[in-house]
Amino acid sequence: MTVAVLEAGARRALLKWFDANRRDLPWRPARPGARRDPYAVWVSEIMLQQTRVDTVVPYFTRFMDRFPTVRTLADAPRDEVLAAWSGLGYYRRARLLHDGARDVEDHHGGGVPSNPDALAGVPGVGPYTAGAILSLAFGQPAALVDGTVARVFSRWFVLADGGTKGRALTWELARAHVAVEADPARWNEALMELGATVCLPRSPRCGACPVSAHCAARAGGVEELHPRKVPRASVPTERLQALVARLRGRVLLGRRAEDARFGGLWEPPVVPAAGGTGAAGRNLSAAVGAPVTALEVAGTVTHVLTHRRLTARVFRGVVASRPLRARHPYEKWMWVDVRRLADVGVSTFARKLIERAS
DNA sequence: AACCCGGGGAC
DNA sequence: GTCCCAGGGTT
C-alpha cells in the first residue's frame, strides 16, 4: 500500500514546534535526543496505556524508585508490584509488565529486546508499545499509533477511519512518515505531543497548530468530525454486597484470582446481591466460608468502570478470625491493619468500601 | 469483530 | 451526564 506523506516543510514545522513546546516529563531525558533507559520507556508506555500523562507521572516516579531495573521488578513479589500499581487501574497491565520483566530476565538476558519480533513476544507489549520502545529507546524507524496519533492523521488526511481497514491505513501512514524522518524518536513524540496538547478531541487549538495550513480537515472545517466517533453502549449496573469486617484495628481482605476483575488485588469480600439485603448474611458467610454475625448497613458505594457500574451495599459485621475458606474469586484471606493499606494492592473500589464503613 | 479491563479529568 | 485517554489480550 502506498500512501501520501505530509510535505517536508510541514513535517519540519511540526518538529520545530515540538522542540519549543516539549513538555518536561519524568520518562523523558532532560536533553532531547539523549539516550534513554529502555526499561524506563517500557514502564512508562505500559502505564500510559489508556491513561493520561498527569495521572501517570506520580505512579511512574514511585514505581521506578521501587523497581529501578528489570531485575528488581522480575525479582519482586506479585503483591508488591500490584501495590505499586494500586489506584492506577487496568491491573492486568501490572501483571503483564511483571510477567514481561520475568520473561526478559529469563529469555533475553535481562535486556529489553531491540528486535521487533522478540519485543512483540514480551507479555503486555502490543503494536503501539513495541513501536514506542523501538523508536524512543532504540532510535529505530518504527511506527506507532495510539489514540492521539490516529486523531492527528485522521484530520491531516480526512480519513474515513472506522474498522480494520481504517486502522490499517492509519498504521500505513505512520510507517510512511517515520520512514522519511531522520530522528524517529523525535518524530513520534512530536506527533503524540501535538495530539495531546493541540489537536484535541474537542475544540482543537488549530490556531496554535504548526501544520494547520496542511490539514485537510481544517481546510474543510470538519476538524470536529474526525476521527469518527463510535457510539458507546450504555453501562449495565451490577448490584453487590460487601462486608467490611474489623478485628482489633484490622480489616478482612481477600485476594482475587488473577483471571477475575481486579485480579490479584485485595478487597473486602464482595458478592452479588442475590436475594436482597435480607440474604446478605447468608451470601457473605458463604463467600468467606465462616459465619458472619452482627451485620449492620454502613451505606452504599457506587463505582463506575468502563463496562460496569458497581453499586455495593456495604455492611459492617463480625467474622471469626479463622477458619476462612479460599473460594472463587478469593484465593486467600488476611487481616490488614487499616493504617497499612498503602502497602497492599487495593483497587479504588475496595478503598471506597473500607472508607464507607469507617 | 466484539468484548473485557480502572480511573480520572475536562466539559 | 459524556468523552476519552501514549492499548493489549481473549474469545
Side-chain angles (χ1 to χ4, degrees), chain A residues 23 25-28 40-60 82 85-97 99-100 119-137 142-152 162-168 170-171 174 185 187-197 199-205 224 227-236 238 256 258-265 267 302-310 345-352:
Chain A
R23 288 174 294 177
L25 300 172
W27 49 86
R28 278 184 182 164
V41 173
W42 181 16
V43 171
S44 66
E45 294 302 341
I46 299 297
M47 286 190 170
L48 286 162
Q49 289 171 9
Q50 297 297 101
T51 310
R52 295 169 195 284
V53 164
D54 292 344
T55 303
V56 167
V57 168
Y59 281 90
F60 174 80
L82 288 170
W85 209 272
S86 190
L88 191 55
Y90 282 143
Y91 298 95
R92 185 168 56 183
R93 295 181 298 173
R95 301 195 302 270
L96 290 171
L97 175 60
D99 293 344
L119 200 51
V122 175
V125 177
Y128 164 78
T129 306
I133 293 173
L134 292 170
S135 61
L136 304 185
L144 107 207
V145 174
D146 65 356
T148 63
V149 171
R151 180 169 59 248
V152 169
T164 305
K165 286 171 65 179
R167 275 194 295 279
T170 305
W171 273 94
W187 172 258
N188 279 341
E189 277 205 305
L191 215 43
M192 291 191 283
E193 197 83 345
L194 186 75
T197 64
C199 197
L200 304 171
R202 284 170 301 196
S203 310
R205 303 167 48 220
E224 298 267 18
R228 185 182 67 86
K229 292 167 184 59
V230 288
R232 286 169 197 284
S234 63
V235 179
E238 207 171 305
R256 297 179 61 87
E258 297 220 331
D259 62 358
R261 184 166 58 208
F262 301 126
L265 297 183
E267 71 183 15
T302 296
H303 189 68
V304 180
L305 307 177
T306 306
H307 297 286
R308 291 279 185 282
R309 171 190 301 275
L310 308 181
V346 171
S347 68
T348 298
F349 173 57
R351 222 173 270 288
K352 286 185 185 176

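These numbers come from the heavy atoms of this one structure, side chains and all, not from hydrogens, waters or symmetry mates. Proteins get letters first, then strands, A, B, ... in listed order; numbering begins at 1 in each.
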Looking across every strand, which nucleic acid part, if any, lies under 4.0 Å from A:Trp85 by heavy atom: base, sugar-phosphate, or nothing?
nothing

Separation of atom CZ in A:Phe60 from atom C1' in C:dA6, rounded to whole Å:
13 Å

Among the candidates B:dG7, C:dG7, C:dC5, find the nucleotide nearest to the side-chain atoms of A:Asp146.
C:dG7

Any donor-acceptor pair under 3.5 Å linking the side chain of A:Arg95 with the backbone of A:Glu258?
yes

What nucleic acid atoms does A:Thr129 come within less than 4.0 Å of, heavy atoms only: base, sugar-phosphate, or nothing?
sugar-phosphate

Assign A:Arg351 to base, sugar-phosphate, or nothing according to its heavy-atom contacts below 4.0 angstrom with the strands shown.
nothing

Near DNA chain B, under 4.0 Å by heavy atom, which residues of residues 49-56 of chain A?
A:Gln50, A:Thr51, A:Arg52

Quick one: list whatever passes salt bridge (charged side-chain N to carboxylate O under 4.0 Å, His left out) with A:Arg52, sequence neighbours left out.
none

Any base atoms under 4.0 Å from A:Leu194, or only sugar-phosphate, or nothing? Heavy atoms, all strands.
nothing

Establish, from distance only, whether the side-chain atoms of A:Tyr128 and A:Glu45 form a donor-acceptor pair under 3.5 Å.
yes

Any side-chain N or O of A:His303 below 4.0 angstrom from OP1/OP2 of B:dG7?
yes

Would you say the side-chain atoms of A:Arg309 pair up with the backbone N or O of A:Thr302, donor to acceptor, closer than 3.5 Å?
no

C:dA6 to B:dC4 separation - P atoms, rounded to the nearest Å
24 Å

Does CZ in A:Arg23 sit with more than 12 non-hydrogen atoms of other residues, nucleotides or ligands closer than 6.0 Å?
yes

A:Leu305 CG - B:dC3 C1' separation (whole Å)
14 Å

Give A:Leu96 one of three labels, base, sugar-phosphate or nothing, depending on what nucleic acid heavy atoms sit under 4.0 Å from its own.
sugar-phosphate

Establish, with yes or no, whether the OP1 or OP2 oxygen of C:dC5 is under 4.0 angstrom from a side-chain nitrogen or oxygen of A:Arg151.
yes

Report the distance from atom CZ of A:Arg23 to atom P of C:dC5, rounded to the nearest whole Å.
13 Å

Looking at the side chain of A:Arg202, which of C:dA6, C:dT2, B:dG7 is the nearest nucleotide?
C:dT2

To the nearest Å, give me how far apart CZ (A:Arg309) and P (B:dG6) are.
17 Å

Please report the distance separating the P of C:dT11 from the corresponding atom of B:dG6, rounded so that it comes out in whole Å.
16 Å

First encountered from the 5' end of DNA chain B, between A:Gly87 and A:Arg308
A:Arg308

I'd like to check, for A:His307, whether its ring lies over the base of B:dC3 with centroids under 5.5 Å apart and a plane angle smaller than 30°.
no

Find which nucleotide of DNA chain C each of A:Gly147 and A:Lys229 is nearest to by heavy atoms, and output the residue with the more 5' nucleotide.
A:Lys229

Please state how far atom OH in A:Tyr59 lies from atom P in C:dA6, giving the value in whole angstrom units.
17 Å

Go through B:dG7, B:dG6, C:dA6 for me and flag the one nearest to the A:Thr348 side chain.
B:dG7

Rounded to the nearest Å, what distance is computed from the CG atom of residue A:Leu265 to the C1' atom of nucleotide B:dG6?
10 Å

Any residue meeting salt bridge (charged side-chain N to carboxylate O under 4.0 Å, His left out) with A:Arg351, in chain and number order, not counting sequence neighbours:
none

Can you confirm if the aromatic rings of A:Phe60 and A:Trp27 lie within a centre distance of less than 6.0 Å?
yes

State the CG-CD1 distance between A:Leu96 and A:Ile46, to the nearest 0.5 angstrom.
8.0 Å

Got a donor-acceptor contact below 3.5 angstrom from the A:Arg151 side chain to the A:Gly195 backbone?
yes

Expressed in angstrom and rounded to an integer, what is the separation of A:Leu310 atom CG from B:dG7 atom C1'?
12 Å

Here the distance between atom P of B:dG6 and atom CG of A:Leu88, to the nearest Å, is 11 Å

Looking across every strand, which nucleic acid part, if any, lies under 4.0 Å from A:Val125 by heavy atom: base, sugar-phosphate, or nothing?
sugar-phosphate

Determine: side-chain N/O of A:Tyr90 to OP1/OP2 of B:dC4, distance under 4.0 Å, yes or no.
no

Quick one: which of B:dG7, B:dG6, C:dC4 gets closest to the side chain of A:Arg93?
B:dG6

Determine the contact category for A:Ser347: base if any of its heavy atoms lies under 4.0 Å from a base atom, sugar-phosphate if only primed atoms, P, OP1 or OP2 are that close, otherwise nothing.
sugar-phosphate

So what does A:Arg28 hit on the nucleic acid, given a heavy-atom distance under 4.0 Å: a base, only sugar-phosphate, or nothing?
base

When only distance counts, do a donor and an acceptor, one from the side chain of A:Thr306 and one from the base of B:dG6, lie under 3.5 Å apart?
yes

